[in-house]
Structure formats: C-alpha cells, structure tokens
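Just so you know, residue 1 is the first one in the sequence shown, and it goes up from there.
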Amino acid sequence: MMRRYASKFINWHLGLKNFSFSMVGCEAESYYASRNSKYQGFFSGHLSGSLPKAYATYCAKLPEDPQSTNLASDMLIDSFGRMHTYLRISLTERCNLRCQYCMPAEGVELTPSPQLLSQDEIVHLANLFVSSGVDKIRLTGGEPTIRKDIEDICLQLSNLKGLKTLAMTTNGITLARKLPKLKECGLTSVNISLDTLVPAKFEFLTRRKGHERVMDSINAAIDCGYNPVKVNCVVMRGFNDDEICDFVELTQNKPINVRFIEFMPFDGNVWNVKKLVPYMEMLDRVGKQFPGLKRLQDHPADTAKNFRIDGHLGMVSFITSMTEHFCAGCNRLRLLADGNFKVCLFGPSEIPSLFPLKYGMPCFIRAYFTGHF
C-alpha cells in the first residue's frame, strides 16, 4: 500500500534529465530529494560519491545480438534502452498489518471493492504483457494472500505461455497454511517481510501480533523447497539495526537470502535521516563479524547487491534505496489493484487499464514510457 502513496513524497533526479522514476518494493532507488527539499542537502552533500565502484549495481543492457530480441519484446524497450520484462501486480490495497514505516496509524482510504480488478481482468491484462515479452510477474499488495482467490490467480498466471517466474511478496501472516497449495498452483518464488526477530518489537512496529506466524511461514517456505527464501528487512537506526548480524545468522544453515533495505521516506511514516543506516555501514558491520563475506555477480536488473559468506548456506543482500540508485537497471511495470498502471512508483502519472485493451499494446507501451496519453 505504501507504494501507492509514495508518489506524494518523492521526485527523482536522473543524470540525463529530471524524470519521475521507479523504486523497488519495495522492493527503492536513488538519492532522495523531497518536494520541499528538506533532505536534499544531506543526500547531495554527504552520500553522493561515497560508495566504492566495487559495489556498484549493474545496469540492465539490451542484448548485443539483435536476433535475440523478438518484435514483441521490442515494444518493452524504453527511451533509456531498458527492457521492461517484469510486471508487478497489486492484488489488493488491503493489509492485515499496520507497519509504521508503510502506513499511517489511521490507515488510508481504500478503493471500493467493486472498483478493484477481478480475477479474469488480472489474468487477461497479464496475458497481454506476457505475450509482449514480460517473463516475470510478482504479486504484491497490500497483502496478496488475503485475496480469497489467490490460488486460482496463481494457477491461471502460471499457465501463461512465456512466463518464467511467478513470485510473491508477502508479510507471511497467513502464508504458511496456504503455501503448499500456492506452490502446487505454480508460485515459483517468495519474499517474506520481517523487520525484527524480537516478538515485542514486531508487535510495536506492525501494530499487530503475528511474529511467530511469520517465522512459521519462513520455515514452511524452506520445507516446500523454495531456494532461496528471501527475507526482506527494513533497517532503522535505534529500532532494529542491532539485529543485523542476528539476521545474517539465519543464513548459516538455511537457504535464506536476507535482504537489508535502507529506510525510505513515505507519507505518514515520520521519516528522519537519523533513522537511516547506510548500506556501507551495514556492510561494515557484517564484514567485521563475518570475515568470509564475498561479493557476488548480480543480475543486470537486480535491485540488490548480493553477498555470500563462507560456510553459509544462504545469502546476504543490500538494497541501497537511499545511498546508491539503480534506476538505470529498472525493468519493472506496475499494475495497481484498481486497474491503473503506475508509470513510476514515485511519480504522479497513472494509466487506466482500459488503455491497452482499447488502443492495443504498442500504443499503451508508448504512453507508459513517455507519460503522454
């Protein structure tokens, strides 16, 4: 849900020109400059240029061989030369947690249920994109597992010809009991959000109980054969930064990929630069306690910087949302639960889902990438 309201807070600046651009879910990118310029001086003066090239994020590139790109996927190439083959679909705006960094305590205004996409509409729109070259779909929310038809949606999406990966990002509250069926229905990858290993802190942060259920979901994912099981952890100074190495310990004997995410500003989350723990500081802490930490080769479109520790079964990753952008490698498209397409996570522009249905995919893609529709 925080993705929808993030656009009220941030504008991006790229080296080529001013341009509203995308973040990871949470998967987040670039130096931040708020519309009121509150943080602009800090990021430009203190974080710019502070990271060594050895840890730079790789950028997505077009295939060197023109024959390797078919005409359908050519439509997914934007003016920056990035090929957008990854579609994120928000199945619902609702969530069964109220995480403090994600949603205001009073909640947010929700779209009436009749105005949300139906199962058939989701599958139909996804099929348009997969037939045009998208090969990865991630189901998000809100919390995707609270949709009653989640298994049917997974089954239909997994059967789309050309789709290679069907992933889901979830808070894990109800995942454990649903996961065996979800895997049977074609779910190939799972990310589980968990920001603390301390139950009392979990309840404080999420304003709900459920820490044990999230841990059960992580173990259930391992038992179901998911490898790796990705665990997303938003790091906040003074709250959970003392648990960084405890999270790394989870990777020793289990196929867990712990992904540390720099704290990002969103409307209502009372963001403060003092809460930010920069990537290099986290890396230094981990490296001191785990000297066998080694950098891995990342996928061109990865938002994370990936590491492995000698003797550990799992991995450790860092998503440098605040201190090193990865906009140049962005390959994401976003379909919101109300049927609108989000041109940029932090931009105001949205395109109605009727656009590709009425005018066709080539016209839609052109409008999506240019912002003119």
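Of the options Val316, Asn191, Val234, Val231, a side chain to side chain contact (heavy atoms under 4.5 Å, CB included) to Arg259 is made by Asn191 and by none of the others.
Using modelled atom types and a 3.5 Å distance limit, the side chains of Ser193 and Asn171 yield no donor-acceptor pair. Of the N and O atoms on the side chains of Thr174 and Thr145, at least one donor lies less than 3.5 Å from an acceptor on the other residue.
Side-chain heavy atoms closer than 4.5 Å link hydrophobic residues (I, L, V, M, F, W, Y) into clusters, and following such links, even through other members, never connects Val198 to Leu205.
For Arg332 and Tyr86, the positive end is not near the middle of the six-membered ring at less than 6.0 Å and at most 45° from its axis. Stacking of Lys201 on the aromatic ring of Phe239 is recorded, both the 6.0 Å distance cut-off and the 45° axial limit being met.
The nearest pair of heavy atoms linking Gly172 to Ser217 is O-OG, 2.5 Å. Contact detail for Lys183 and Tyr226: the closest heavy-atom pair is CB-OH, 3.2 Å.
One finds no salt bridge joining Lys305 and Asp302 here, because no Lys/Arg side-chain nitrogen approaches an Asp/Glu carboxylate oxygen to under 4.0 Å. Ion pairing between Asp152 and Lys181 fails under the 4.0 Å rule for side-chain N and carboxylate O.
Under the rule for a ring pair (Phe, Tyr, Trp, His ring centres under 6.0 Å), the partners of Phe290 that lie at least two apart in sequence or sit in another chain are His312. Judged as a side-chain hydrogen bond (donor to acceptor under 3.5 Å, both in side chains), and not counting sequence neighbours, the contacts of Glu281 are Arg237, Arg285.
Going from atom CG of Leu116 over to atom OG1 of Thr111 covers 5.5 Å, rounded to the nearest 0.5 Å.
Listed for the Glu143 side chain is no donor-acceptor partner under 3.5 Å among the backbone atoms of Asn96. Judged by distance alone, with hydrogens and angles left aside, the side-chain atoms of Asn240 form no donor-acceptor pair with the main-chain N or O of Glu243 at under 3.5 Å. Of the possible donor and acceptor atoms, none in the side chain of Gln252 sits under 3.5 Å from a partner among the backbone N and O of Leu313.
Using cut-offs of 30° and 60° for the angle between ring planes, the Phe202 and His211 rings count as perpendicular.
Annotation: Tyr279 is not in aromatic contact with Phe260 [ring centroid separation under 6.0 Å not met].
Pairs passing the salt bridge (Lys or Arg N to Asp or Glu O under 4.0 Å) check and including a residue from residues 208-228, sequence neighbours excluded, read Glu203-Lys209.
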